[in-house]
Amino acid sequence: MRALTKTISCRHPSLHLFHPNVESFVWNNLIRFRVRLKSKLQHSPLSLYLRMRSRSVSPDLHTFPFLLQSFNAHSHLSHGLQLHAQIFLFGLSDDPFVQTSLINMYSLCGSVSFARQLFDEIPQPDLPSWNTIIHANARVGMIHVAREIFDRMPQRNVRSWSCMIHGYVSCGDYKAALSLFRDLQVMEGHRIRPNEFTLTSVLSACARLGALEHGKWVHAYIDKSGMKVDVVLGTALIDMYAKCGNIERAKCIFGNMGPEGKDVMAWSAVIAAMALHGLSKECLELFEKMINDGVRPNAVTFVGVLCACVHGGLVSEGNQYFNRMTEEYGVNPLIQHYGCMVDLYSRAGRIEDAWDIVKSMPMEPDVMIWGALLSGARMHGDIETCEISIKKLIELDPKNSGAYVLLSNVYAKLGKWKEVRHLRDLMEMRGVKKVPGCSLVEIDGILHEFYAGGDSHPETENIYRMVDEIIKRLEKHGYVRNTNEVLLDLDEEGKEFALSLHSEKLALAYCFLRTSPGTTIRIVKNLRICMDCHVVMKMASREFNREIVVRDCNRFHYFKNGLCSCKDYW
DNA sequence: TTAGGGTTAG
C-alpha cells in the first residue's frame with residue numbers, strides 16, 4: 001500500500017501534497033467495500049481498521065462513517081465504545097457525519113441512552129442526526145420521546161416524516177400513523193411529497209387497521225404520481241389488499257410484479273394472504289410455484305403454508321410440509337411452526353398427536369401453544385387436557401388476560417359459574433384486564449370503532465335500536481341466541497343481552513344504518529368472532545341480501561347468502 | 001462519507 005502511494009506521488013508531484021489522504025482514501029474504500037460485502041469470509045471491517053492503524057495511516061473524516069456501519073448488534077457495543085474513543089483521539093468528534101454515524105451505532109447496539117447523550121451534546125444537529133435519534137427512540141418503543149423530538153425539530157424532510165410514521169406502525173399505533181400522514185399532507189403538502197418509504201409504512205398501517213378505503217387512496221396516489229412500485233412497496237400493497245379483504249386485488253398486484261421482482265418476502269406475503277382468506281389449496285399451489293421459480297422459502301413462508309393447512313383442516317398435508325421444511329429446505333422449526341402443528345392436530349380432534357408435538361418441542365411451550373391445545377381440547381371435550389393447559393397458561397403468565405378468558409370459556413361451557421366468578425375476582429385482585437372486544441369499520445374514509453357494550457359512538461341509540469331490529473328479523477327465520485360462550489355469571493336473559501352488545505353486532509348495525517343497500521360490509525375485529533355472532537352474520541347476509549366480510553384475529557370470514565367461507569371451521 | 005420501507009402461530 002505504502003509502495004503504491006509512493007509510486008503515485010513520484011509520478012504525479014501534485015499528489016505529493018495529499019500523500020496522507022491518498023493512503024487513508026484507499027483504506028477507507030477497502031473498509032467501505034468490506035462493510036457493503038457483509039461477507040464473513042474475509043477480514044472484518046474492524047480488522048481492516050486495525051491494519052490501517054498498524055501501518056500508521058491516520059483515519060480521517062470518511063473512515064468512521066463507513067466503519068461504524070458494521071457495529072449493529074448489542075454484542076458490538078464495547079468495540080463501538082472503543083472506536084468512539086479513537087474518534088476523540090483524532091479530533092473528529094465535531095464532524096456531523098461522524099456524529100450521526102455514532103448516534104446510529106449506539107442505537108443499533110442497543111444503547112439509546114448513549115445515543116441520546118451524544119445527540120444532546122451537539123449544538124446544532126443536522127437533519128440526519130435528528131432523524132437518527134427519532135428512529136433510535138421509536139425502534140425501542142419509546143414513541144412518545146420520538147414524537148417529542150419530532151415536534152421540536154427546527155425543520156423536517158420526507159425522511160423525518162417517514163421515520164415518525166414508521167415508528168407509530170412499529171409500535172402498533174396504526175391510527176396515529178394515519179393521522180400523522182394526514183398532518184404531512186395538510187402541513188407540508190406543498191413542500192414535501194411522500195415517497196415509497198413513507199407510503200410503505202402508511203400501507204402497513206392500513207393493512208393492520210383493515211382500512212381499505214385509505215389503502216386504495218394510497219395505491220391511487222402511487223399510480224398518479226408515477227412512483228415505481230418496487231418489490232417492497234409491492235409487498236406492502238399485497239399485504240394491504242389481503243388484510244383489508246380484497247384478495248383478488250392482492251393476487252393481481254402479485255401477478256403484475258414480474259418474476260424477477262418477486263423475492264421471498266413477496267411470495268411469503270401472498271402465501272400468508274391466501275392462508276388468511278382460507279384459500280388453502282390455492283396457497284399450497286402457490287408455494288409449489290414459488291419453489292419451481294427457484295425462490296428459497298424461509299421460516300415466515302412456512303408459517304403461511306402451515307397456517308393454510310390449519311384453516312383448511314389439511315392434517316396430512318400440514319404434517320408433510322412440516323417435515324419438508326427441515327429436511328428439504330433446512331429451516332429449523334420455530335415456536336410459531338410448532339404452534340401451527342398443535343393447532344392443526346388439536347382442531348382436528350387428534351389431541352394425542354398435538355401432545356406429541358408439545359412434548360417434542362426443543363423450547364418451552366408458550367401461551368400460544370397451550371392456548372391452541374386448550375382450544376382444540378375444549379372443542380373435542382378433552383377435559384383433562386383442558387385442565388393441564390389452563391394451569392400452564394396461568395402459571396406462565398398470571399397477568400395474561402387471554403389465559404383467564406380461555407379458562408372462563410371452559411368454566412362457562414361447563415356451567416361452572418362459581419369458578420367463573422372466582423376467576424373474575426382473581427383477575428381483579430391481580431390487576432388483570434380483559435382485552436375489550438373491538439370492531440372497526442370504515443365508511444366514506446372515516447374509521448368508526450365499536451367496543452362491546454360501549455356507548456361512545458355519537459349514534460349509539462340508533463345503533464342499539466338497529467341491533468334489536470336485526471335480531472327480531474332473524475328470529476322470524478329461526479335464529480336462537482347461542483349463549484354458550486358468554487363468560488359472565490348471568491341468567492339466560494342477561495346472557496342474551498350481553499351477546500347483543502358484541503362489538504361486531506354494533507358495527508353491523510351501524511353499517512346497515514349508514515351504507516347503501518347492496519354495499520359490501522367490512523368489519524375488522526380484534527378478537528375471535530364468537531359462535532353467536534357468526535350465526536348472526538350468516539343469517540343477516542341472506543336476510544338483508546348483503547355480503548359481509550369479517551376479519552377476526554385469525555382469518556377472514558366471507559358471509560354470503562347465509563353461508564360463510566370458513567365452512568364453520570375456524 | 002451520516003438518517004428510512006415489505007412477509008410471521010392464536
Side-chain angles (χ1 to χ4, degrees), chain A residues 25 28-29 31-32 60-69 95-105 107 125-136 138-139 157-167 169-170 194-204 207 230-240 242-243 263-273 275-276 297-307 309-311 333-344 346-347 366-376 402 406 527-528 552-555 570:
Chain A
F25 174 84
N28 290 346
N29 275 295
I31 293 171
R32 177 161 61 134
D60 64 13
L61 291 173
H62 295 235
T63 311
F64 291 102
F66 296 141
L67 184 57
L68 287 168
Q69 284 175 21
D95 179 68
F97 287 81
V98 174
Q99 286 166 339
T100 301
S101 305
L102 275 170
I103 296 170
N104 200 31
M105 180 276 289
S107 161
D126 66 357
L127 261 171
S129 289
W130 282 97
N131 293 343
T132 307
I133 196 65
I134 290 173
H135 190 63
R139 76 152 38 103
N157 63 7
V158 68
R159 288 191 182 217
S160 326
W161 287 89
S162 306
C163 177
M164 195 62 230
I165 291 170
H166 177 250
V169 174
S170 59
N195 62 15
E196 47 274 69
F197 288 84
T198 330
L199 297 179
T200 301
S201 296
V202 174
L203 284 171
S204 190
D230 62 15
V231 66
V232 180
L233 196 51
T235 305
L237 278 168
I238 292 168
D239 188 51
M240 182 278 291
K243 291 208 170 84
D263 64 4
V264 64
M265 283 168 100
W267 278 100
S268 302
V270 78
I271 283 171
L276 186 68
N298 64 16
V300 180
T301 322
F302 279 102
V303 172
V305 168
L306 295 176
C307 195
C309 296
V310 171
H311 291 155
L334 303 172
I335 197 151
Q336 286 98 323
H337 303 109
Y338 288 108
C340 289
M341 293 310 288
V342 172
D343 202 16
L344 181 72
S346 69
R347 270 175 204 249
D366 65 1
V367 173
M368 306 279 274
I369 299 284
W370 294 116
L373 190 62
L374 169 62
S375 170
L406 284 165
L527 308 173
R528 178 182 174 275
D552 74 3
C553 65
N554 292 340
R555 57 167 293 159
W570 83 98

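Per chain, numbering begins at 1; letters A, B, ... match sequence-line order. These numbers come from the heavy atoms of this one structure, side chains and all, not from hydrogens, waters or symmetry mates.
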Measure from the side-chain heavy atoms of [X] and tell me the nearest of [options].
| X | options | value |
| --- | --- | --- |
| Phe97(A) | dG4(B), dG5(B), dT1(B) | dT1(B) |
| Ile369(A) | dA9(B), dT8(B), dG4(B) | dA9(B) |
| Met265(A) | dG5(B), dT7(B), dA9(B) | dT7(B) |
| Thr132(A) | dG5(B), dA3(B), dT7(B) | dA3(B) |
| Asn131(A) | dA3(B), dT7(B), dT8(B) | dA3(B) |
| Thr200(A) | dG4(B), dG5(B), dT8(B) | dG5(B) |
| Asp239(A) | dT2(B), dT7(B), dG5(B) | dT7(B) |
| Ser162(A) | dG4(B), dG6(B), dT1(B) | dG4(B) |
| Val300(A) | dT2(B), dG5(B), dT7(B) | dT7(B) |
| Thr235(A) | dT2(B), dT7(B), dA9(B) | dT7(B) |

Check every strand shown and say whether [X] touches a base, only sugar-phosphate, or nothing at a heavy-atom separation below 4.0 Å.
| X | value |
| --- | --- |
| Asn28(A) | nothing |
| Asp95(A) | nothing |
| Val231(A) | base |
| Ala299(A) | nothing |
| Ile335(A) | base |
| Asp552(A) | nothing |

Tell me: [atom1] of [X] to [atom2] of [N], nearest whole Å?
| X | N | atom1 | atom2 | answer |
| --- | --- | --- | --- | --- |
| Leu276(A) | dA9(B) | CG | P | 9 Å |
| Gln99(A) | dT1(B) | CD | P | 19 Å |
| His166(A) | dG6(B) | NE2 | C1' | 9 Å |
| Arg555(A) | dA9(B) | CZ | C1' | 15 Å |
| Leu233(A) | dG6(B) | CG | C1' | 9 Å |
| Ile238(A) | dT8(B) | CD1 | C1' | 15 Å |
| Ile134(A) | dG5(B) | CD1 | P | 13 Å |
| Arg32(A) | dT1(B) | CZ | P | 6 Å |

State the [atom1]-[atom2] distance between [X] and [Y], to the nearest 0.5 angstrom.
| X | Y | atom1 | atom2 | result |
| --- | --- | --- | --- | --- |
| Leu276(A) | Cys307(A) | CG | SG | 7.5 Å |
| Thr301(A) | Asn298(A) | OG1 | CG | 3.5 Å |
| Asp239(A) | Met265(A) | CG | CE | 10.0 Å |
| Leu203(A) | Thr198(A) | CG | OG1 | 10.5 Å |

Side chain of [X], base of [N]: donor and acceptor closer than 3.5 Å?
| X | N | answer |
| --- | --- | --- |
| Asn554(A) | dA9(B) | no |
| Ser101(A) | dT2(B) | no |
| Asp230(A) | dG5(B) | yes |

According to a strict under-4.0 Å criterion, is Lys243(A) in side-chain N/O contact with OP1 or OP2 of dT8(B)?
-> yes
Sub-4.5 Å side-chain heavy-atom contact between Leu334(A) and His337(A) | yes
Side-chain contact test, heavy atoms from C-beta onward, threshold under 4.5 Å: evaluate it for Tyr338(A) versus Ile369(A) and give yes or no.
-> yes
Any chance the side chains of Ser129(A) and Asp126(A) put a donor and an acceptor closer than 3.5 Å?
-> yes
